Amino acid sequence: MTEITDHLAQIRGCVASQLEQAGRAREDAMIVAVSKGKPADAIREARAAGQVHFGESYIQELQTKAQALADLEIVWHFIGRIQSNKTRSIARHAAWVHTLDREKIAARLDRDCADRAPLNVLIQVNQAGESQKGGVTPDEAPELALKVAELPNLRLRGLMCIPPAKISATGRGEYFAQLRQLQARLVSQGLNLDTLSMGMSGDFETALAQGSNCVRVGTAIFGARPR
Ligand SMILES: *Cc1c(COP(=O)(O)O)cnc(C)c1O
């Protein structure tokens with residue numbers, strides 16, 4: 001068994017037992033393997049171990065890998081900051097975007113997805129107002145969500161967050177719970193949302209306990225990234 005295969009099995013086990021503890025079905029959460037900074041061969045290895053969803057943060061890297069791995073059935077998730085001149089490339093390769101935070105980007109993605117299956121999108125919420133991160137404030141989320149929901153070539157699926165790096169598990173749990181409540185509020189306003197993207201290598205168990213059904217795990221699968 002290779003290291004990546006082994007790590008994947010461990011993560012799947014942890015996710016399943018966390019879901020079980022929460023009284024949820026074992027297959028209730030999607031695992032997105034975050035492969036940024038890792039070579040195409042590492043993705044091939046994970047794919048051979050049954051992993052289908054992969055996440056990339058940089059558009060050039062997504063493009064290069066999607067082309068190099070075109071022979072594989074992979075569902076690509078774009079999880080990085082979106083520049084408005086890169087929407088075409090995202091539309092070409094990604095099935096999901098986790099980081100939508102501007103109406104202008106939404107409009108461009110919608111335009112660029114006219115000739116393909118609808119793009120699944122999540123609105124990124126920046127709960128702590130961290131300037132180095134993207135995302136709307138929790139107060140801004142409803143307005144953007146209602147606008148995105150109107151766009152024919154985007155399918156608004158839910159919300160995503162990345163809590164501040166240096167806080168306790170309890171603190172992170174509070175951010176995750178807040179995002180779950182925001183999602184519930186949007187659902188009560190009539191939006192059909194089914195995906196909460198919360199949790200990374202260090203906190204995916206906390207996130208699952210707070211209702212996440214999509215975890216984005218990089219380091220714990222592929223090992224540390226070069227700085
Ligand atoms: C890099 C990244 C991850 C994965 O982080 P790990 O700590 O390596 O699991 C998840 N989500 C986003 C948005 C990222 O940029």
Side-chain angles (χ1 to χ4, degrees), residues 3-15 18 29-40 42-43 45-46 49 51-65 74-83 86 90 93-102 105 119-136 141 157-169 171-173 175-176 179 195-227:
E3 204 162 67
I4 289 173
T5 307
D6 190 27
H7 290 166
L8 262 174
Q10 281 172 28
I11 299 294
R12 287 184 189 129
C14 292
V15 167
Q18 189 66 50
M30 156 161 77
I31 299 171
V32 178
V34 176
S35 45
K36 66 185 180 204
K38 296 292 171 181
I43 298 173
E45 208 175 309
Q51 179 63 33
V52 173
H53 295 269
F54 290 88
E56 289 286 342
S57 297
Y58 304 99
I59 192 63
Q60 184 59 53
E61 204 178 331
L62 168 64
Q63 205 167 298
T64 307
K65 288 177 184 170
I74 285 180
V75 178
W76 292 105
H77 294 240
F78 189 74
I79 62 169
R81 294 292 278 270
I82 310 169
Q83 291 167 277
K86 298 287 163 56
I90 291 173
H93 299 292
W96 288 77
V97 164
H98 291 227
T99 44
L100 188 63
D101 62 1
R102 275 191 287 161
I105 301 277
L119 178 68
N120 296 298
V121 301
L122 303 172
I123 290 176
Q124 183 177 358
V125 183
N126 186 341
Q127 298 161 297
E130 294 176 283
S131 59
Q132 76 277 22
K133 285 178 189 161
V136 295
R157 300 291 297 268
L159 305 176
M160 175 273 215
C161 74
I162 312 170
K166 291 185 175 111
I167 54 168
S168 67
R172 312 178 85 70
Y175 281 110
F176 293 142
L179 198 73
T195 307
L196 261 180
S197 172
M198 322 192 285
M200 323 202 310
S201 292
D203 60 10
F204 69 88
E205 286 165 302
T206 306
L208 290 168
Q210 293 298 340
S212 169
N213 64 358
C214 177
V215 295
R216 311 175 309 272
V217 181
T219 312
I221 294 172
F222 295 109
R225 287 177 292 273
R227 285 232 136 230

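Note that the structure is a prediction, hence the values are computed from the model and not measured. Heads up: numbering here begins at 1 and tracks the sequence. In listed order, ligands and their atoms are each counted from 1.
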Q. With Arg216, which residues qualify under salt bridge (charged side-chain N to carboxylate O under 4.0 Å, His left out), at least two apart?
A. none
Q. Under the criterion side-chain contact (heavy atoms from CB on, under 4.5 Å), which of Val32, Leu62, Ile90 is the partner of Trp76?
A. Leu62
Q: For residues Val215 and Leu208, determine if any side-chain heavy atom of one lies less than 4.5 Å from a side-chain heavy atom of the other.
A: yes
Q: Would you check if Trp96 and Val121 make a side-chain contact, meaning some heavy-atom pair closer than 4.5 Å?
A: no
Q | Audit row: Glu56, Ser35, side chain to side chain donor-acceptor pair (under 3.5 Å) steps and yes/no | A | CA-CA 6 Å; Glu56 289 286 342; Ser35 45; 2.7 Å; yes
Q: Check the pair Ile31 / Arg12 against side chain to side chain contact (heavy atoms under 4.5 Å, CB included), numbers first and verdict last.
A: CA-CA 8 Å; Ile31 299 171; Arg12 287 184 189 129; 3.9 Å; yes
Please give the N or O to N or O pairs under 3.5 Å between ligand 1 and the protein, distances rounded to 0.1 Å.
from	atom 1	to	atom 2	distance (Å)
ligand 1	8 (O)	Thr219	N	2.8
ligand 1	8 (O)	Thr219	OG1	2.5
ligand 1	8 (O)	Arg225	NH1	2.8
ligand 1	8 (O)	Arg225	NH2	3.1
ligand 1	9 (O)	Ser201	N	2.9
ligand 1	9 (O)	Ser201	OG	2.5
ligand 1	9 (O)	Gly218	N	2.8
ligand 1	11 (N)	Arg216	NE	2.9
ligand 1	15 (O)	Lys36	NZ	2.6

